[in-house]
Amino acid sequence: MATSRSSRDSELEAILERVRHVRNFDFRNYKRATLQRRVERRVAATGCRNRAAYLALLERDPNEVNTLVSSMLIKLTTFFRDKEVWVALDKVLKELIQRRRPDQELRIWSAGCATGEEAYSIAILAAEALGPGTPGAELKVFGTDVDEAAIAYGRRGIYTPQQVEGVSKERLARWFVRTGEGFTVRKEIRRSVVFGVNNLVSDAPVSRIDLILCRNVFIYLDAELQKRVLSRFHFALRQQGALVLGRSELIPFAARLFEPIDLSRRIYRKDLRQDPPSLMRRPAPADLAPEVSPPSEDPAPQDKDIQRHLREVLNSQPCPLIVTDLEGTVILWNHAAARLWNRHDTEVLDRKLTALSLPGLTQEVFAEPAARVRSGRSESETVDGTLELPGQEPVALRTLVVPFRGARGEAQGLVYTSHDVSSLRGLEESLKHANEDLNTVNQRLSTFNEELRASNEELETTNEELQSANEELQTTNEELQSTNEELETTNEELQSANAEMDAINRELAHRTEELDALGFCQRTIIRTLAVGVLVLDPHGKITTWNLAAERLLGLTEREAVGQVLWTLHVPALKRSLLQRIRRHVAENRSLRLEDVIYQLPHGGRGAATVIVTPLNNESHALGAVLLFEDTTRAAALAQENRELKERLRK
C-alpha cells in the first residue's frame, strides 16, 4: 500500500513538473488533495487508464496541458456574489473615499477575478459610492488572473442573462446595455477596469492599492504560500487599506498581519505595526491550529491590545534598539534604529547582524562582547563606536548589550541599545584638557618651589659666610629664615587647597552629568505618558505641555508653553472649568473631576478625568500639575459591561 501511494505521489509530481515546464505555472505549493481531484477528473475525461498514461498524453499533446491548467483554476464567480459581503464593502468603500485626498485616485485590485464579474461588481459599487456622475480618473480597478482566456473574456464585458442574475434591476438598467441575447457593461465602467494576467505567487503585486478583493483563492494554497501572498498584499496596500477574503477562508495568519474589521465576512485593514518578514519567519501557534472562536467575536482582544501597546512602546523609544536571536539574526528593529542607520526594517530583518556592517556597530567592535553575553559569562557589555555621517560631525555611539530572555528566563537572543554620547565625549575631552592645564600649572608651581628652596639654601650658605663678618646681620638672617619657613607652609597649604578644589570640580562634573541624565529621563517620561500633563507656575503660566496634551487638547507644545492657561482657547476645557481650576491653583488646593464631558479635537464628544495637584516647596507654592486623562473608551467599556450584566440577569 505504501509503495503504491508513493508511486502515485511521484506521478502527480511528474505531472506538475510537466505543467511547469510547458506553461511556466508552478502548482507545487497548492494543496495536494485539490490537485489530485483535478488530475483524476482529467484522467477519466481523456480515457487514460492511470496517471502514468495521462503523463504520456501530456508529453505528446501540449493542448492537454492548457486544458489541465484551466481545470485546476476553477473560475466560479458571479456578479455581487454573497450579498452580505457587498453590503459591508459599501461601508468600507465610503470610509476609504472619505479618507482619500481630493486629487488621489481610488485604486482597487480584484485578484483572481476569473472572467471579470467581481471586478465589474466592485467598480459599480465604487462608482455609486463616489456619487453622481460617471467615474473618471478618480477610479481605477485592476482585474487580474493567471488564466489568459478568462482575462480576455473579462475585457469584452459581455455576459449572458444567467451570468447577470445577481445584478438588481436598477443596476442592470444603469450600468448595462442589452446587446442581442446578452448584456454588455457600459463603457463608463469598462474604462475604469484594467484587466491583466498576474500570478499572485510569482509576479510583482499591483502597488498603492486602497482595497484588495481575493476571494476563494487561498483555499487552493498551502499555509506557506498563503503567508507569501498575504505578505505581498500587505506591501501592495496603502495605509489603512482594506483586504477582503472568501467567507470560507479563515486564515489565522491574516488576523495577525492585518487588523480584522469584520471577521465574520473576512474583511481586514492593513496594520502598519505588523512586520510581514518577521511574522513569516517565526509563525505563532495560531498558524499551526485552526481558530475555534465564533466568527462574530474578536479572539483575545486583551492580548492583542497588549502586543500592540508593546510594539508602540518599543517604536516610541528614542534610543535605537535591535534584537537578535541566538544565531545573530535580526528579529526586531525599532523606528529609532531605522532613522539612525537609514535602513527600513524590511532591509535588515531576517539577516545576520554581522552582515549588515552598521557604522558604529561593526563586527570588530561588538563580536567579543556579544559572545560573552551570549555565553552567559557576562550579564551586560558596553561597546563604544563612531558613526560617520556624510557632511556631518561624527556621532559617538555607546551600545549596551544584554541578553533577551523568555518568560521562563531562558536566553533567546541579544538586545542592543545604542545611545548618542557625542556631548558626553565632548565634556570628557574638555575635562581632560582642563586636567592637563591644571597639571601643567602644578608642575610649574613645583618647579618654582624647588627653585625657591635652592635660593634659600644659597641664602643660608651666604648667611653662614657673613655671620663671622657681621654679627648684626645674624638676627636679620634668622628673621629671613623664619619668613622662608612661613612661605613654605603657605605653599603646602596652597597645594592642599588645589587638591581639594580638583576633587570638588570632579564631584561637580559628576553631579552635573547625573542631573542632566535625570532631567532628560524626566522630560522623556512626561512626554510619552498617555495622560495629558500640564505644569503651571503660581500665576497659571504653562511650563510643561506633553504629547498627550497636544493630542487630547488640540494645541501644540509651541502654542501652549509660556501662555497663561486661563487666556488660551482650549475647546476641551470650558471657561467654567478653567475658572474653577484657577481658583484651586490660587488657593493651593487639590481638585479631582471625573466624567468631564469635552469636545474631541477631531469632532465628537468624549469623557475625561481632570486632576489638579498643587506643587509646594515647604511653605512656598510653586504652582500646580494638571492631569487630563481621556476616559471615553473606559466609560464606553464600563457601560457595555453594565449592559451585559443587565442582560445576564434577565
Side-chain angles (χ1 to χ4, degrees), residues 70 73-93 96 106-130 135 139-168 171-172 174-176 182-186 188-200 203 205-206 209-221 229-230 232-233 236-237 241-249 254 261-262 265-268:
S70 297
L73 303 174
I74 300 301
K75 292 170 283 295
L76 179 59
T77 180
T78 59
F79 282 96
F80 297 100
R81 183 182 181 189
D82 198 341
K83 293 184 178 180
E84 293 182 1
V85 175
W86 290 97
V87 172
L89 269 177
D90 185 44
K91 299 179 181 178
V92 173
L93 277 172
L96 292 172
L106 181 64
R107 295 167 64 87
I108 303 173
W109 182 12
S110 175
C113 68
T115 50
E117 287 91 330
E118 182 182 78
Y120 286 124
S121 297
I122 192 64
I124 291 172
L125 195 66
E128 293 174 349
L130 287 170
L139 174 64
K140 186 68 67 178
V141 178
F142 300 92
T144 66
D145 199 275
V146 295
D147 193 335
E148 296 181 4
I151 290 297
Y153 190 97
R155 285 198 184 101
R156 294 173 57 228
I158 302 175
Y159 298 93
T160 64
Q162 293 77 18
Q163 290 175 307
V164 297
E165 287 180 353
V167 184
S168 64
R171 283 174 173 164
L172 196 63
R174 181 179 180 185
W175 303 110
F176 291 82
F183 292 87
T184 301
V185 181
R186 288 187 179 272
E188 301 95 284
I189 292 297
R190 293 208 308 273
R191 288 197 194 102
S192 301
V193 182
V194 178
F195 287 97
V197 177
N198 182 280
N199 190 327
L200 297 178
D203 294 339
V206 185
I209 297 298
D210 297 292
L211 172 64
I212 297 178
L213 284 80
C214 185
R215 302 195 295 166
N216 302 323
V217 173
F218 286 87
I219 57 176
Y220 302 109
L221 310 180
V229 176
L230 284 173
R232 295 189 176 199
F233 285 167
L237 281 172
L243 169 67
V244 182
L245 302 180
R247 291 287 295 272
S248 60
E249 297 171 320
I261 300 176
D262 189 339
R265 295 175 178 85
R266 310 296 185 262
I267 303 177
Y268 304 86

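Below, all heavy atoms of this structure are taken into account, side chains as well, without hydrogens, waters or symmetry copies.
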[X] versus [Y], closest heavy-atom pair with distance:
{"X": "Phe233", "Y": "Cys214", "value": "CE1-CB, 3.7 Å"}
{"X": "Val146", "Y": "Asn199", "value": "CG1-CA, 3.5 Å"}
{"X": "Asp203", "Y": "Arg232", "value": "O-NH1, 2.6 Å"}
{"X": "Val141", "Y": "Ala119", "value": "CG1-O, 3.8 Å"}
{"X": "Ile151", "Y": "Gly143", "value": "CD1-O, 3.9 Å"}
{"X": "Val217", "Y": "Gly112", "value": "CG2-CA, 4.3 Å"}

Distance, nearest 0.5 Å, that separates [atom1] of [X] from [atom2] of [Y]:
{"X": "Leu139", "Y": "Ile122", "atom1": "CG", "atom2": "CD1", "answer": "9.0 Å"}
{"X": "Thr115", "Y": "Asp145", "atom1": "OG1", "atom2": "CG", "answer": "8.5 Å"}
{"X": "Ile108", "Y": "Leu96", "atom1": "CD1", "atom2": "CG", "answer": "8.0 Å"}
{"X": "Ile158", "Y": "Gln163", "atom1": "CD1", "atom2": "CD", "answer": "11.0 Å"}
{"X": "Trp109", "Y": "Leu200", "atom1": "CH2", "atom2": "CG", "answer": "5.5 Å"}
{"X": "Leu237", "Y": "Ile212", "atom1": "CG", "atom2": "CD1", "answer": "4.0 Å"}

Dump the intermediate steps for side-chain contact (heavy atoms from CB on, under 4.5 Å) on Phe195 and Cys113, then the final yes or no. CA-CA 9 Å; Phe195 287 97; Cys113 68; 4.0 Å; yes
What's the verdict on side-chain contact (heavy atoms from CB on, under 4.5 Å) for Val206 and Arg107, showing C-alpha distance, side-chain angles and the deciding distance? CA-CA 10 Å; Val206 185; Arg107 295 167 64 87; 4.0 Å; yes
Applying the side-chain contact (heavy atoms from CB on, under 4.5 Å) test to Leu211, which of Ile267, Leu243, Leu89 qualifies?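 Of the listed residues Ile267, Leu243, Leu89, the side-chain contact (heavy atoms from CB on, under 4.5 Å) partner of Leu211 is Leu89.
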Strictly distance-based, threshold 3.5 Å: is any side-chain N or O of Trp175 a donor or acceptor partner for the main-chain N or O of Arg186?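 Absent.
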Quick one, Ile124 with Arg174, criterion side-chain contact (heavy atoms from CB on, under 4.5 Å). Give me CA distance, side-chain angles, the key distance, then yes/no. CA-CA 10 Å; Ile124 291 172; Arg174 181 179 180 185; over 6 Å; no
My understanding is that only residues two or more places apart in sequence, or in another chain, count here; which of them pass ring-ring contact (aromatic ring centres under 6.0 Å, His included) with Phe142?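 Not a single residue meets the ring-ring contact (aromatic ring centres under 6.0 Å, His included) criterion with Phe142.
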Please state whether the rings of Tyr120 and Phe79 are parallel, tilted or perpendicular, taking 30° and 60° as the class boundaries.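 Plane angle under 30°, so parallel.
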I need the full list of salt bridge (charged side-chain N to carboxylate O under 4.0 Å, His left out) pairs touching residues 117-129, with sequence neighbours left out, sorted by first then second residue.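 Passing the test, one end in residues 117-129: Glu118-Arg215, Glu128-Arg171.
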Could you tell me if the side chain of Phe183 sits less than 4.5 Å from the side chain of Val167, heavy atoms only?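 A side-chain contact under 4.5 Å is absent here.
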Can you tell if the side chain of Thr78 reaches within under 4.5 Å of the side chain of Glu165, non-hydrogen atoms only?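 Answer no - side chains too far apart.
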